[in-house]
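Everything on this sheet refers to the single structure shown next.
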Amino acid sequence: MNSGTGGGGGGGAGAAEPSRSGSPGEDGFAPSALGTREHWDAVYERELQTFQEYGDTGEIWFGEESMDRLIRWMQNRKIPLDASVLDIGTGNGVFLVELAKFGFSNITGIDYSPSAIQLSGSIIEKEGLSNIKLKVEDFLNLSTKLSGFHICIDKGTFDAISLNPDNAIEKRKQYVKSLSGALNVKGFFLITSCNWTKEELLDEFSEGFELFEELPTPTFSFGGRSGNSVTALVFQKT
């Protein structure tokens with residue numbers, strides 16, 4: 001996961017924890033190595049080596065529940081199984097595997113880390129799946145060929161971009177621009193975040209997108225107050 005992709009499938013659940021302490025930038029987030037390409041290249045190089053040695057696919061970003069939540073929504077909305085789906089920052093590709101097992105046949109995973117794509121390719125091959133497309137792509141500098149998707153999914157990539165020490169605000173704007181280019185009109189964008197609240201995400205994606213649905217996420221209680229540690233929203237491109 002990272003400045004353009006990575007982490008959607010795995011890489012260490014919870015790695016992009018909220019970071020609004022220290023010396024925050026204009027947007028309230030403290031810059032972090034979690035927002036750099038170097039960090040995620042190193043993460044997936046280690047995970048690739050672990051998979052090659054032990055067959056361990058690595059952790060699932062936000063846990064299995066997050067994958068089930070998104071697939072359940074797609075099922076409830078009767079999204080056609082041949083709808084084109086883009087996993088932004090696919091990480092270890094485990095979410096792609098789950099989509100394929102459910103029956104989706106036109107799915108693409110991108111990550112800007114070559115090691116992540118190599119890892120996800122190895123996992124997909126081990127699962128005996130052949131209908132998944134993988135590409136090394138930085139979502140912030142997206143190839144024009146990657147367009148016309150019915151559904152785009154982000155589990156943690158936008159979070160990581162928010163922690164980039166090099167002008168994260170501008171990168172978030174570019175993310176929204178890339179998303180608009182990748183998604184069909186009336187297409188859906190499913191985002192899962194542990195850094196942003198519903199209200200903040202509504203503001204971030206106010207240009208060209210409208211909230212379609214908020215998905216239920218686990219709640220926690222602390223000090224007599226309860227809340228959600230994860231936000232999951234569905235936007236529709238206008």
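The model shown is predicted, which means the values in this text are computed figures rather than measured ones.
Atom OG1 of T108 is separated from atom CG of L99 by 11.0 Å, given to the nearest 0.5 angstrom. With values rounded to the nearest 0.5 angstrom, T90 atom OG1 is found 13.0 Å from E137 atom CD. If you take CG on L201 and CG on L211, they are separated by 9.5 Å, rounding to the nearest 0.5 Å. N106 contributes atom CG, which lies 10.5 Å from atom CG of L86 (distance to the nearest 0.5 angstrom). Rounded to the nearest 0.5 Å, atoms CZ (R77) and CZ (R72) are 15.0 Å apart. Between the CG atom of L190 and the CG atom of L70 there is a distance of 5.5 Å, given to the nearest 0.5 Å.
Closest approach of F139 to S178, counting heavy atoms only: O-OG, 2.7 Å. Counting all heavy atoms, side chain and backbone alike, A100 lies closest to N131 at CB-OD1, 4.1 Å. For the residue pair P216 and R69, the shortest heavy atom distance occurs at O-NE, 3.0 Å. For C152 against I88, the heavy-atom pair with the smallest separation is CB-CD1, 3.9 Å. Here the closest non-hydrogen pair linking A182 and L142 is CB-CD2, 3.9 Å. Of all the heavy atoms in V230 and T217, the pair that sits closest is O-OG1, 2.7 Å.
Checked by atom type and distance alone, the side chain of S180 never pairs as donor or acceptor with a backbone atom of K177 at under 3.5 Å. For S193 (side chain) and T231 (main-chain N/O), no donor-acceptor pair under 3.5 Å exists by modelled atom type. The backbone N or O of A83 sits nowhere less than 3.5 Å from a side-chain atom of H150 that would complete a donor-acceptor pair. Although no hydrogens or angles enter the test, the distance criterion places a donor-acceptor pair under 3.5 Å between the side chain of K171 and the main chain of D166. Not a single donor-acceptor pair under 3.5 Å links the side chain of D87 to the backbone N or O of L96. Although no hydrogens or angles enter the test, the distance criterion places no donor-acceptor pair under 3.5 Å between the side chain of E214 and the main chain of V234. The backbone N or O of Q236 sits nowhere less than 3.5 Å from a side-chain atom of E210 that would complete a donor-acceptor pair. Side chain of N184 to backbone of G187: no donor-acceptor contact under 3.5 angstrom is found. With hydrogens and angles ignored, the 3.5 Å screen pairs no side-chain donor or acceptor of D82 with any backbone N or O of S84. Judged by distance alone, the side chain of K237 and the main-chain N or O of L183 form a donor-acceptor pair under 3.5 Å.
Just one of F212, F205, F158 meets the ring pair (Phe, Tyr, Trp, His ring centres under 6.0 Å) condition when paired with F235; it is F205. Each of I161, L140, N167 was checked for a side chain to side chain contact (heavy atoms under 4.5 Å, CB included) with R172, and the lone residue meeting it is I161.
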>> Applying side-chain contact (heavy atoms from CB on, under 4.5 Å) to W73 and I79, what does each step give before you reach the verdict?
In response: CA-CA 9 Å; W73 180 86; I79 302 297; 4.3 Å; yes
>> Could you go through T192 and D154, starting from their C-alpha distance and side-chain angles, then the distance that decides it, and tell me whether this counts as side-chain contact (heavy atoms from CB on, under 4.5 Å)?
In response: CA-CA 6 Å; T192 304; D154 180 324; over 6 Å; no
>> Pair Q75, F102 - check side-chain contact (heavy atoms from CB on, under 4.5 Å), show working.
In response: CA-CA 9 Å; Q75 182 182 23; F102 189 79; 3.7 Å; yes
>> Under the criterion side-chain contact (heavy atoms from CB on, under 4.5 Å), I'd like the reasoning laid out for V136 against I110: C-alpha separation, chi angles, the key distance, then a yes or no.
In response: CA-CA 6 Å; V136 177; I110 61 171; over 6 Å; no
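A heavy-atom distance below 4.5 Å is not found between the side chains of I153 and F188. The closest side-chain heavy-atom distance from M74 to V85 is below 4.5 Å. The shortest distance between side-chain heavy atoms of V97 and L129 falls below 4.5 Å. Between L233 and L215 there is no side-chain heavy-atom pair separated by less than 4.5 Å.
Using a 4.0 Å cut-off between charged nitrogen and carboxylate oxygen, K135 and D111 do not count as a salt-bridge pair. Remark: E127 engages K101 in a salt bridge, criterion side-chain N to carboxylate O under 4.0 Å.
Side-chain contact annotation: E204 with W196, donor-acceptor N/O pair under 3.5 Å absent.
Crowding of E207 atom CD: a count of heavy atoms from other residues, nucleotides or ligands under 6.0 Å not exceeding 12.
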